[in-house]
Amino acid sequence: MVFSVQNWLAKHSKDEVLFLFKGVVSGSLITDSLDKIEENIENASSRAKKKIYNVLVECLQNLFHHSLTVKENDDGVEQGKFAICLLTKNQIGYHIIAGNFVNQKQKDFLSKHLENINSLNNEELKDLYKEILNNQEFSDKGGGGLGMVDMARKSGSKLDFEFHNYTKEYYFFSLIINIVE
Amino acid sequence: MEPISIAGTPKTPTVHFDNDKGKVEIKGRSIPENSIEFYKPLVDWLEEYLSNPASLTEVNIQLEYFNTSSSKCILDVFKKLEAIYKSGNEVLINWYYEEDDEDMLEAGEDYQSIIKIPFKMIEIDE
(Lines give C-alpha, C1' and ligand atoms only; values in the text may rest on other atoms or scores of the structure.)
Protein backbone atom coordinates (compact mmCIF):
# COMPACT_ATOMS: atom_id res chain seq x y z
CA MET A 1 0.00 0.00 0.00
CA VAL A 2 1.25 3.45 -0.85
CA PHE A 3 2.02 5.54 2.19
CA SER A 4 -0.31 8.45 2.84
CA VAL A 5 0.19 11.12 5.50
CA GLN A 6 -3.59 11.38 5.92
CA ASN A 7 -3.93 7.65 6.64
CA TRP A 8 -1.00 7.76 9.02
CA LEU A 9 -2.60 10.64 10.89
CA ALA A 10 -5.99 8.93 10.98
CA LYS A 11 -4.41 5.74 12.35
CA HIS A 12 -2.73 7.65 15.17
CA SER A 13 -5.74 9.83 16.00
CA LYS A 14 -7.90 6.93 17.20
CA ASP A 15 -7.18 7.55 20.87
CA GLU A 16 -8.18 10.76 22.62
CA VAL A 17 -6.21 13.57 20.93
CA LEU A 18 -5.07 16.21 23.45
CA PHE A 19 -3.02 18.23 21.00
CA LEU A 20 -2.52 18.20 17.27
CA PHE A 21 -0.27 20.26 15.14
CA LYS A 22 0.10 19.92 11.38
CA GLY A 23 2.02 22.40 9.28
CA VAL A 24 5.19 24.45 9.37
CA VAL A 25 6.94 24.65 12.74
CA SER A 26 8.15 28.10 13.82
CA GLY A 27 9.56 29.44 17.08
CA SER A 28 6.37 31.34 17.93
CA LEU A 29 4.26 28.31 17.10
CA ILE A 30 6.25 26.29 19.63
CA THR A 31 5.60 28.92 22.33
CA ASP A 32 1.85 28.98 21.58
CA SER A 33 1.63 25.19 21.38
CA LEU A 34 3.35 24.68 24.70
CA ASP A 35 0.85 27.01 26.41
CA LYS A 36 -2.02 25.07 24.91
CA ILE A 37 -0.46 21.72 25.81
CA GLU A 38 -0.02 22.78 29.44
CA GLU A 39 -3.73 23.54 29.67
CA ASN A 40 -4.64 20.24 28.03
CA ILE A 41 -2.58 18.07 30.38
CA GLU A 42 -3.74 19.70 33.61
CA ASN A 43 -5.33 16.44 34.74
CA ALA A 44 -2.15 14.39 34.36
CA SER A 45 -0.07 13.56 37.45
CA SER A 46 2.66 16.14 38.11
CA ARG A 47 5.26 13.48 37.28
CA ALA A 48 3.67 12.68 33.90
CA LYS A 49 3.02 16.36 33.18
CA LYS A 50 6.70 17.24 33.40
CA LYS A 51 7.72 14.28 31.28
CA ILE A 52 5.11 15.06 28.60
CA TYR A 53 6.15 18.72 28.49
CA ASN A 54 9.86 17.91 28.30
CA VAL A 55 9.42 15.33 25.54
CA LEU A 56 7.13 17.65 23.55
CA VAL A 57 9.64 20.50 23.76
CA GLU A 58 12.37 18.24 22.36
CA CYS A 59 10.06 16.85 19.70
CA LEU A 60 8.82 20.22 18.46
CA GLN A 61 12.34 21.65 18.46
CA ASN A 62 13.63 18.64 16.52
CA LEU A 63 10.86 19.24 13.98
CA PHE A 64 11.74 22.95 13.90
CA HIS A 65 15.44 22.29 13.28
CA HIS A 66 15.36 19.23 11.06
CA SER A 67 12.16 19.03 8.98
CA LEU A 68 12.72 19.13 5.25
CA THR A 69 10.73 20.96 2.64
CA VAL A 70 8.90 18.57 0.39
CA LYS A 71 7.88 19.97 -2.98
CA GLU A 72 5.07 17.55 -3.80
CA ASN A 73 1.75 18.74 -2.56
CA ASP A 74 -0.74 15.97 -3.15
CA ASP A 75 -1.34 14.45 0.25
CA GLY A 76 -2.52 17.25 2.47
CA VAL A 77 1.13 18.13 2.80
CA GLU A 78 1.59 21.85 2.90
CA GLN A 79 4.52 23.65 1.35
CA GLY A 80 7.46 24.45 3.59
CA LYS A 81 8.95 22.51 6.45
CA PHE A 82 5.93 20.32 7.00
CA ALA A 83 5.63 18.41 10.25
CA ILE A 84 2.99 16.73 12.37
CA CYS A 85 2.97 16.37 16.13
CA LEU A 86 0.23 14.96 18.27
CA LEU A 87 -0.33 14.05 21.88
CA THR A 88 -2.81 11.28 22.56
CA LYS A 89 -4.01 9.48 25.65
CA ASN A 90 -5.38 5.99 26.25
CA GLN A 91 -5.54 3.51 29.15
CA ILE A 92 -1.79 2.86 28.99
CA GLY A 93 -0.74 6.47 29.17
CA TYR A 94 0.29 9.38 26.98
CA HIS A 95 1.75 9.10 23.49
CA ILE A 96 3.73 11.78 21.72
CA ILE A 97 3.68 11.13 18.00
CA ALA A 98 5.78 13.11 15.56
CA GLY A 99 6.14 12.89 11.81
CA ASN A 100 8.29 14.74 9.31
CA PHE A 101 10.15 14.27 6.06
CA VAL A 102 13.81 13.31 5.99
CA ASN A 103 16.32 12.47 3.27
CA GLN A 104 18.46 9.34 2.92
CA LYS A 105 21.34 10.81 4.91
CA GLN A 106 19.08 11.76 7.82
CA LYS A 107 17.39 8.36 7.68
CA ASP A 108 20.72 6.56 7.91
CA PHE A 109 21.83 8.72 10.83
CA LEU A 110 18.52 8.42 12.70
CA SER A 111 18.25 4.64 12.23
CA LYS A 112 21.70 4.09 13.67
CA HIS A 113 21.22 6.59 16.49
CA LEU A 114 17.77 5.29 17.52
CA GLU A 115 18.74 1.61 17.28
CA ASN A 116 21.69 2.34 19.53
CA ILE A 117 19.49 4.20 22.05
CA ASN A 118 16.95 1.37 22.09
CA SER A 119 19.68 -1.20 22.76
CA LEU A 120 20.74 0.52 26.00
CA ASN A 121 19.46 0.06 29.53
CA ASN A 122 18.80 3.02 31.87
CA GLU A 123 22.34 3.16 33.25
CA GLU A 124 23.87 2.98 29.77
CA LEU A 125 21.50 5.72 28.55
CA LYS A 126 22.60 7.92 31.43
CA ASP A 127 26.25 7.34 30.50
CA LEU A 128 25.58 8.11 26.82
CA TYR A 129 23.75 11.31 27.82
CA LYS A 130 26.65 12.47 29.97
CA GLU A 131 29.16 11.57 27.27
CA ILE A 132 27.33 13.65 24.63
CA LEU A 133 26.67 16.44 27.14
CA ASN A 134 30.36 16.75 27.88
CA ASN A 135 31.72 16.44 24.31
CA GLN A 136 31.54 20.20 23.59
CA GLU A 137 30.02 19.72 20.17
CA PHE A 138 27.06 21.56 18.77
CA SER A 139 25.57 20.81 15.37
CA ASP A 140 25.18 23.63 12.86
CA LYS A 141 21.53 23.80 13.88
CA GLY A 142 22.48 24.49 17.49
CA GLY A 143 21.18 21.14 18.69
CA GLY A 144 23.32 19.19 21.02
CA GLY A 145 22.65 15.67 19.74
CA LEU A 146 21.04 14.95 23.08
CA GLY A 147 17.36 15.23 22.21
CA MET A 148 16.58 11.60 21.38
CA VAL A 149 18.65 10.29 24.29
CA ASP A 150 16.82 12.63 26.63
CA MET A 151 13.40 11.57 25.31
CA ALA A 152 14.32 7.91 25.87
CA ARG A 153 15.47 8.66 29.42
CA LYS A 154 12.48 10.79 30.37
CA SER A 155 9.90 8.40 28.90
CA GLY A 156 11.55 5.28 30.30
CA SER A 157 10.33 3.45 27.18
CA LYS A 158 11.86 2.34 23.90
CA LEU A 159 11.50 4.85 21.08
CA ASP A 160 9.08 3.53 18.48
CA PHE A 161 10.17 4.68 15.01
CA GLU A 162 9.47 3.94 11.37
CA PHE A 163 10.47 5.26 7.97
CA HIS A 164 7.93 5.18 5.16
CA ASN A 165 8.89 5.59 1.51
CA TYR A 166 7.33 8.80 0.29
CA THR A 167 9.06 9.90 -2.89
CA LYS A 168 12.35 8.94 -4.45
CA GLU A 169 14.20 11.45 -2.31
CA TYR A 170 12.12 11.58 0.85
CA TYR A 171 11.03 9.35 3.66
CA PHE A 172 8.33 10.07 6.19
CA PHE A 173 9.90 9.60 9.61
CA SER A 174 7.47 8.64 12.34
CA LEU A 175 8.48 8.66 16.00
CA ILE A 176 6.33 7.62 18.95
CA ILE A 177 7.29 8.21 22.56
CA ASN A 178 5.18 6.50 25.19
CA ILE A 179 4.82 7.86 28.71
CA VAL A 180 3.15 5.39 31.02
CA GLU A 181 1.01 7.08 33.65
CA MET B 1 32.11 44.86 35.70
CA GLU B 2 28.34 45.24 35.84
CA PRO B 3 25.83 42.81 37.33
CA ILE B 4 23.45 41.00 34.96
CA SER B 5 19.73 41.12 35.54
CA ILE B 6 17.41 39.52 32.98
CA ALA B 7 13.67 39.03 33.42
CA GLY B 8 12.28 35.60 32.55
CA THR B 9 10.15 34.85 29.48
CA PRO B 10 8.09 31.73 28.63
CA LYS B 11 11.22 30.25 27.05
CA THR B 12 14.13 31.81 28.92
CA PRO B 13 14.97 31.98 32.63
CA THR B 14 15.29 34.85 35.08
CA VAL B 15 18.99 35.61 35.58
CA HIS B 16 20.75 37.52 38.36
CA PHE B 17 24.53 37.60 38.36
CA ASP B 18 26.06 39.95 40.94
CA ASN B 19 29.84 40.16 41.22
CA ASP B 20 29.88 42.28 44.43
CA LYS B 21 27.60 39.90 46.30
CA GLY B 22 29.05 36.78 44.67
CA LYS B 23 25.57 35.63 43.58
CA VAL B 24 24.77 33.62 40.48
CA GLU B 25 21.09 32.77 39.97
CA ILE B 26 19.21 31.12 37.10
CA LYS B 27 15.51 30.41 37.64
CA GLY B 28 12.51 29.38 35.60
CA ARG B 29 12.30 27.79 32.16
CA SER B 30 15.12 27.41 29.74
CA ILE B 31 13.73 26.10 26.46
CA PRO B 32 14.86 28.51 23.71
CA GLU B 33 15.42 27.19 20.17
CA ASN B 34 18.78 28.92 20.15
CA SER B 35 20.27 28.55 23.60
CA ILE B 36 23.80 29.62 22.63
CA GLU B 37 22.52 33.11 21.84
CA PHE B 38 21.02 33.36 25.34
CA TYR B 39 23.87 31.81 27.32
CA LYS B 40 26.92 33.26 25.58
CA PRO B 41 26.76 36.62 27.46
CA LEU B 42 26.37 34.72 30.75
CA VAL B 43 29.38 32.51 30.10
CA ASP B 44 31.41 35.58 29.00
CA TRP B 45 30.41 37.38 32.22
CA LEU B 46 31.64 34.44 34.32
CA GLU B 47 34.89 34.40 32.37
CA GLU B 48 35.46 38.01 33.40
CA TYR B 49 34.28 37.35 36.98
CA LEU B 50 36.85 34.54 37.19
CA SER B 51 39.69 37.07 37.25
CA ASN B 52 38.34 38.75 40.40
CA PRO B 53 35.67 36.62 42.09
CA ALA B 54 34.08 37.13 45.52
CA SER B 55 35.61 34.93 48.24
CA LEU B 56 32.33 32.97 48.26
CA THR B 57 30.18 32.54 45.16
CA GLU B 58 26.69 31.28 45.90
CA VAL B 59 24.98 29.67 42.94
CA ASN B 60 21.23 29.00 42.85
CA ILE B 61 19.87 26.99 39.95
CA GLN B 62 16.12 26.55 40.09
CA LEU B 63 14.80 25.33 36.78
CA GLU B 64 11.31 24.11 36.11
CA TYR B 65 12.15 22.88 32.61
CA PHE B 66 15.20 22.96 30.40
CA ASN B 67 15.71 21.59 26.91
CA THR B 68 18.73 19.62 25.73
CA SER B 69 20.05 22.59 23.79
CA SER B 70 20.22 24.52 27.11
CA SER B 71 21.77 21.58 28.92
CA LYS B 72 25.11 22.02 27.16
CA CYS B 73 25.09 25.75 27.84
CA ILE B 74 24.33 25.13 31.52
CA LEU B 75 27.33 22.81 31.59
CA ASP B 76 29.43 25.68 30.19
CA VAL B 77 28.21 27.85 33.09
CA PHE B 78 29.22 25.12 35.56
CA LYS B 79 32.64 24.75 33.91
CA LYS B 80 33.34 28.44 34.55
CA LEU B 81 32.24 28.01 38.17
CA GLU B 82 34.52 25.00 38.43
CA ALA B 83 37.44 27.15 37.28
CA ILE B 84 36.63 29.67 40.05
CA TYR B 85 36.52 26.82 42.57
CA LYS B 86 39.81 25.35 41.29
CA SER B 87 41.55 28.70 41.63
CA GLY B 88 41.00 28.46 45.39
CA ASN B 89 37.71 30.31 45.89
CA GLU B 90 34.67 28.97 47.61
CA VAL B 91 31.75 28.06 45.36
CA LEU B 92 28.45 26.79 46.73
CA ILE B 93 26.01 25.28 44.23
CA ASN B 94 22.37 24.87 45.24
CA TRP B 95 20.38 22.78 42.77
CA TYR B 96 16.65 23.09 43.40
CA TYR B 97 14.09 20.57 42.23
CA GLU B 98 10.37 20.26 42.80
CA GLU B 99 9.05 17.47 44.96
CA ASP B 100 8.30 14.45 42.69
CA ASP B 101 10.53 15.78 39.92
CA GLU B 102 12.94 12.85 39.86
CA ASP B 103 14.18 13.90 36.38
CA MET B 104 15.32 17.32 37.62
CA LEU B 105 17.09 15.74 40.60
CA GLU B 106 18.78 13.30 38.25
CA ALA B 107 19.80 16.16 35.93
CA GLY B 108 21.52 17.82 38.91
CA GLU B 109 23.28 14.56 39.72
CA ASP B 110 24.47 14.29 36.10
CA TYR B 111 26.09 17.73 36.35
CA GLN B 112 27.52 16.96 39.77
CA SER B 113 29.26 13.87 38.38
CA ILE B 114 30.91 15.93 35.60
CA ILE B 115 31.76 19.07 37.61
CA LYS B 116 34.10 18.66 40.51
CA ILE B 117 32.26 20.97 42.92
CA PRO B 118 29.94 19.70 45.66
CA PHE B 119 26.25 20.27 44.88
CA LYS B 120 23.55 20.75 47.45
CA MET B 121 20.28 19.20 46.23
CA ILE B 122 17.32 21.09 47.63
CA GLU B 123 13.77 19.80 47.32
CA ILE B 124 11.07 22.45 47.14
CA ASP B 125 7.27 22.22 47.34
CA GLU B 126 5.44 22.59 44.07
Side-chain angles (χ1 to χ4, degrees), chain A residues 25-35 37-38 45-66 122-123 125-156 179, chain B residues 8-13 28-40 43 61-83 96-117 119 123-126:
Chain A
V25 182
S26 66
S28 59
L29 174 115
I30 296 177
T31 315
D32 296 346
S33 301
L34 290 173
D35 282 349
I37 289 161
E38 266 199 305
S45 67
S46 70
R47 179 187 162 275
K49 221 184 277 179
K50 289 210 183 279
K51 286 180 184 292
I52 295 165
Y53 193 88
N54 267 306
V55 170
L56 272 163
V57 168
E58 291 304 323
C59 241
L60 288 168
Q61 291 183 339
N62 268 347
L63 295 173
F64 173 75
H65 288 298
H66 303 295
N122 290 348
E123 268 312 296
L125 268 178
K126 189 191 180 92
D127 289 343
L128 176 63
Y129 179 92
K130 287 199 276 186
E131 190 190 312
I132 303 173
L133 177 65
N134 204 12
N135 73 9
Q136 298 297 324
E137 276 172 36
F138 273 99
S139 78
D140 55 350
K141 303 252 171 79
L146 279 171
M148 300 285 186
V149 184
D150 190 56
M151 289 194 263
R153 276 184 87 186
K154 296 256 160 70
S155 70
I179 294 170
Chain B
T9 72
K11 281 188 183 168
T12 54
R29 294 181 181 199
S30 182
I31 52 169
E33 279 80 47
N34 187 344
S35 50
I36 301 172
E37 198 178 273
F38 183 80
Y39 280 93
K40 183 154 191 310
V43 174
I61 310 287
Q62 188 175 335
L63 291 166
E64 192 187 353
Y65 292 109
F66 66 93
N67 61 0
T68 54
S69 156
S70 298
S71 65
K72 287 206 170 192
C73 295
I74 294 166
L75 180 65
D76 287 340
V77 166
F78 281 134
K79 291 232 158 138
K80 293 292 173 211
L81 294 165
E82 185 183 37
Y96 295 86
Y97 65 99
E98 282 177 16
E99 189 188 358
D100 292 345
D101 194 351
E102 64 206 26
D103 292 328
M104 193 55 80
L105 171 62
E106 203 171 346
E109 289 167 353
D110 289 346
Y111 283 120
Q112 186 175 23
S113 72
I114 297 171
I115 300 296
K116 304 285 175 270
I117 318 177
F119 276 48
E123 187 183 284
I124 46 171
D125 292 336
E126 270 179 66

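In what follows, chains are A, B, ... by sequence order, proteins preceding strands, each numbered from 1. What you see below is based on every heavy atom in this structure, not just the backbone, and it leaves out hydrogens, waters and symmetry mates.
- A salt bridge is absent between A/Lys130 and B/Glu109: the closest approach of a Lys/Arg side-chain nitrogen to an acidic carboxylate oxygen does not fall below 4.0 angstrom.
- Between A/Leu146 and B/Ser71, the closest side-chain pair of non-hydrogen atoms falls below 4.5 Å.
- A pairwise comparison of heavy atoms in A/Gln61 and B/Asn67 identifies OE1-ND2, 2.7 Å as the closest pair.
- The shortest heavy-atom contact between B/Tyr111 and A/Leu133 is CE2-CD2, 3.9 Å.
- For the pair A/Lys126 and B/Glu106, the tightest heavy-atom approach, listed with the atom from each and the gap, is NZ-OE2, 3.3 Å.
- Summarising the geometry, atom CG belonging to B/Asp103 is positioned 8.0 Å from atom CZ belonging to A/Arg153; distances are rounded to the nearest 0.5 Å.
- In this structure, no portion of B/Ser70 lies under 4.5 Å from any heavy atom of chain A.
- The nearest pair of heavy atoms linking B/Ile31 to A/Tyr53 is CD1-OH, 3.7 Å.
- Considering every non-hydrogen atom in both B/Lys72 and A/Asn135, the closest pair reads NZ-OD1, 2.8 Å.
- In this structure, A/Leu60 CG and B/Glu33 CD are separated by 9.0 Å, a value rounded to the nearest 0.5 Å.
- Contact annotation for A/Leu34: only side-chain heavy atoms (C-beta onward) come within less than 4.5 Å of a heavy atom of chain B.
- Heavy-atom contacts from other residues, nucleotides or ligands closer than 6.0 Å to CD of B/Glu37 number 12 or fewer.
- Here the straight-line distance linking atom CZ of B/Phe66 with atom CG of A/Asp150 works out to 7.5 Å at 0.5 Å rounding.
- The closest side-chain heavy-atom distance from A/Lys49 to B/Asp101 is not below 4.5 Å.
- Between B/Arg29 and A/Glu38, at least one side-chain nitrogen of the basic residue sits less than 4.0 Å from a carboxylate oxygen of the acidic one, meeting the salt-bridge criterion.
- Side chains of B/Asp110 and A/Tyr129 form a contact here, defined as non-hydrogen atoms less than 4.5 Å apart.
- No donor-acceptor pair closer than 3.5 Å links the side chain of A/Lys50 to the backbone N or O of B/Glu102.
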